[in-house]
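For this chain, numbers begin at 1 and follow the sequence in order.
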Amino acid sequence: MLPFAAGPAQAIDTRVRNQLMKLTPEERLEQRCDIEAMERISRAKKGFRPDKVIAYTFGDPKIDGTMLKTKGAVFRSKGEWYRLSYRCEAAQDRLSVTGFKFRIGDRVPHREWAAHYLYD
């Protein structure tokens, strides 16, 4: 697991914040954690440039208050999909991430994309 849990996450911009506030608390948590995942993966310096994260592709995320755990997530980078698991903890407003750990898994073979609604 890549331990990028040190220090608080960077703040999101006003436009994103306003859009997130229109969601239910659970949806807001999932979306905020997906945004955090993209930022953390980008900083992992492994050559990834994520442009999309889906928390539920290979299994439903578990939400407990302000914590989200998923072992069935994916992210897209440079036109390829990769498996992802992460644990994300947020503040009560679900806009600030207070803890985050993740693990990048294998590339998802193209032959599996259609079955999991993945796209270019």
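The nearest pair of heavy atoms linking A55 to T70 is O-OG1, 2.7 Å. Here the closest non-hydrogen pair linking S77 and R49 is OG-N, 2.7 Å. Taking each heavy atom of T66 and A91 in turn, the nearest pair found is CG2-O, 3.7 Å. The two residues M38 and P50 make their nearest non-hydrogen contact at O-CG, 3.4 Å. Taking both residues in full, the closest heavy atoms of R28 and D93 are given as NH1-O, 3.0 Å, listed atom of the first, atom of the second, then distance.
Relative ring orientation between H110 and W113 is described as parallel, the plane-to-plane angle staying below 30° on a 0-90° scale split at 30° and 60°. The aromatic rings of W81 and Y119 sit perpendicular, their planes meeting at an angle over 60°, well past the 30° parallel limit.
E89 CD to T98 OG1: the interatomic distance, rounded to the nearest 0.5 Å, is 4.5 Å. To the nearest 0.5 Å, atom CZ of residue R17 and atom NZ of residue K22 are 14.0 Å apart. Separation of atoms CD1 (I104) and OH (Y86) is listed at 13.5 Å; rounding is to 0.5 Å. Note that CG of D120 is 8.5 Å distant from CD of E80, once rounded to the nearest 0.5 Å. Rounding to the nearest 0.5 Å gives a distance of 12.0 Å between SG of C88 and CZ of F102. In this structure, the separation between CD on E26 and CD on E30 is 10.5 Å, given to the nearest 0.5 Å.
A salt bridge links D51 with R76: the closest approach of a Lys/Arg side-chain nitrogen to an acidic carboxylate oxygen falls below 4.0 angstrom.
Atom CG of N18 sits in a crowded spot, with more than 12 heavy atoms from other residues, nucleotides or ligands closer than 6.0 Å. Other residues, nucleotides and ligands place no more than 12 heavy atoms under 6.0 Å from the CZ atom of R87.
In the hydrophobic cluster analysis, where Ile, Leu, Val, Met, Phe, Trp and Tyr join through side-chain heavy atoms closer than 4.5 angstrom, F100 is grouped together with L84. V53 and Y56 fall into different hydrophobic clusters, where Ile, Leu, Val, Met, Phe, Trp and Tyr side chains are chained together by heavy-atom contacts under 4.5 Å. Both I12 and L23 belong to a common hydrophobic cluster when Ile, Leu, Val, Met, Phe, Trp and Tyr are linked at side-chain heavy-atom distances under 4.5 angstrom. Note: the hydrophobic cluster containing I41 also contains Y82 (ILVMFWY, side chain heavy atoms under 4.5 Å, direct or indirect links). At a threshold of 4.5 Å between side-chain heavy atoms, the hydrophobic network of Ile, Leu, Val, Met, Phe, Trp and Tyr places L68 and V74 in two separate groups.
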Under the criterion side chain to side chain donor-acceptor pair (under 3.5 Å), I'd like the reasoning laid out for T24 against E27: C-alpha separation, chi angles, the key distance, then a yes or no. CA-CA 5 Å; T24 67; E27 292 169 328; 3.2 Å; yes
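Looking only at side-chain heavy atoms (C-beta outward), E36 and D34 stay at 4.5 Å or farther from each other.
Between the side chain of R32 and the backbone N or O of L95 there is at least one donor-acceptor pair closer than 3.5 Å. Judged by distance alone, the side chain of R94 and the main-chain N or O of Q92 form a donor-acceptor pair under 3.5 Å. Side-chain atoms of S85 never come within 3.5 Å of backbone atoms of K71 as a donor-acceptor pair (strictly under, hydrogens ignored). Side-chain N or O atoms of D64 include none that pairs as donor or acceptor with a backbone N or O of M67 at under 3.5 Å.
Cation-pi geometry between R83 and F58 is met: the NZ or CZ atom falls under 6.0 Å from the ring centre, inside 45° of the normal.
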